[in-house]
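We count ligands from 1, going down the list as the structure has it; atoms in each ligand are counted the same way.
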Amino acid sequence: MPQTLRPLIAANWKMHGGLSWTSKPSDFEAIYPSSERRHLDVLICPPATLLASMNDGVFLGGQDCHAAVSGAHTGDVSAEMLKDAGATYVIVGHSERRAGGDTDEDVHAKAEAAKRAGLIPIICVGETESQRDAGQAEHVVSEQIKASVPDIANYVIAYEPVWAIGTGKTATPDDVDEMHNAIRAQVGPDVQLLYGGSVKPANAESLLALKNVNGALIGGAGLEMESLAAIARAAPK
Ligand SMILES: O=C[C@H](O)COP(=O)(O)O
């Protein structure tokens with residue numbers, strides 16, 4: 001089925017990588033040249049320490065931000081700092097940050113901070129395994145969206161079932177289809193919806209072919225440029 005929204009293939013490197021890895025985005029360009037991928041966008045979200053050293057033909061993003069512009073917030077990075085270092089996007093509300101204490105209200109404030117700084121927030125939502133088993137998945141995700149998404153025009157939603165992250169368990173295309181159709185009905189036609197959770201080259205095509213899946217948020221398989229490129233190549237043209 002034709003997609004109306006441009007695919008976004010996003011790699012979240014989490015706490016992996018160092019300065020010796022800075023050749024990787026240029027490796028990506030060699031493996032899958034931008035001249036062949038004008039129909040999609042590729043984003044790499046490295047650790048903040050690497051952002052300023054990367055500038056190789058893909059979009060860059062942060063993995064989290066503080067809601068304030070600056071101040072006495074030891075260890076934090078503001079959206080403005082990410083922008084200054086070359087970011088276009090920032091992930092907010094990743095389940096690994098929510099597990100560390102981020103509430104929907106925090107995620108809402110961080111998404112507003114992203115807009116203030118001129119970044120596009122990728123707002124993550126997703127249910128736990130016990131919530132899914134209890135039949136609450138759609139309700140949980142809908143409530144997270146209501147509470148986490150501010151009144152801004154330009155944002156991305158990443159649906160990441162917590163039980164599928166880094167586990168090798170991928171939601172079935174039917175499960176993803178059902179959830180993404182529900183999210184689409186809630187947020188309207190203009191918001192890119194990414195699926196995340198054990199996306200690999202082997203399952204990317206079936207997930208990216210779904211009508212309301214407009215890209216992927218990739219953890220482990222996004223660390224290697226070959227597998228990231230294979231996933232990107234699976235996106236519909
Ligand atoms: O941000 C990415 C997600 O947490 C997915 O990670 P994963 O692809 O390793 O399951």
Residue and atom name of the nearest protein heavy atom (relative to atom 2 (C) of ligand 1), distance in Å to one decimal: E160 OE2, 3.2 Å
I'd like to know whether ligand 1 has G222 as a neighbour, heavy-atom separation below 4.0 Å. no
Pairing of R37 and E29 as salt bridge, 4.0 angstrom limit: yes
Using a strict threshold of under 4.0 Å (side-chain N to carboxylate O), is an ion pair present between K211 and D177? no
Within-shell test, G197 vs ligand 1, heavy atom, strictly < 4.0 Å: yes
Could you find the nearest protein heavy atom to atom 9 (O) of ligand 1 and give me its residue, atom name and distance? G220 N, 2.9 Å
Minimum-distance protein heavy atom relative to atom 8 (O) of ligand 1: G219 N, 2.9 Å
Ligand-residue contact atoms, ligand 1 with G166, heavy atoms, under 4.0 Å: 7 (P), 9 (O), 10 (O)
Pair R233 + E205, salt bridge at N-O below 4.0 Å: no
Sub-4.0 Å atoms of ligand 1 with respect to non-hydrogen atoms of A164: 10 (O)
Side chain, backbone, both or neither: I165 near ligand 1, heavy atoms under 4.0 Å: both
Contact atoms of ligand 1, heavy-atom distance to S198 under 4.0 Å: 7 (P), 8 (O), 10 (O)
So that I can tick it off, tell me whether E143 and K146 are bridged by a salt bridge, with the cut-off set at under 4.0 angstrom between side-chain N and carboxylate O. yes
Does a salt bridge link D102 with K110, judged by any charged N lying under 4.0 Å from a carboxylate O? yes
Apply side-chain hydrogen bond (donor to acceptor under 3.5 Å, both in side chains) to residues T103 and D106 and explain how you reach the verdict. CA-CA 5 Å; T103 64; D106 295 327; 3.1 Å; yes
For ligand 1, is K14 a contact, meaning one of its heavy atoms is under 4.0 Å away? yes
Tightest non-hydrogen contact, residues I120 and Y155, listed as CG2-CA, 4.1 Å
Could an N or O of ligand 1 be found under 3.5 Å from any N or O of H94, whether backbone or side chain? yes
Would you say the side-chain atoms of W163 and E127 include a donor-acceptor pair closer than 3.5 Å? yes
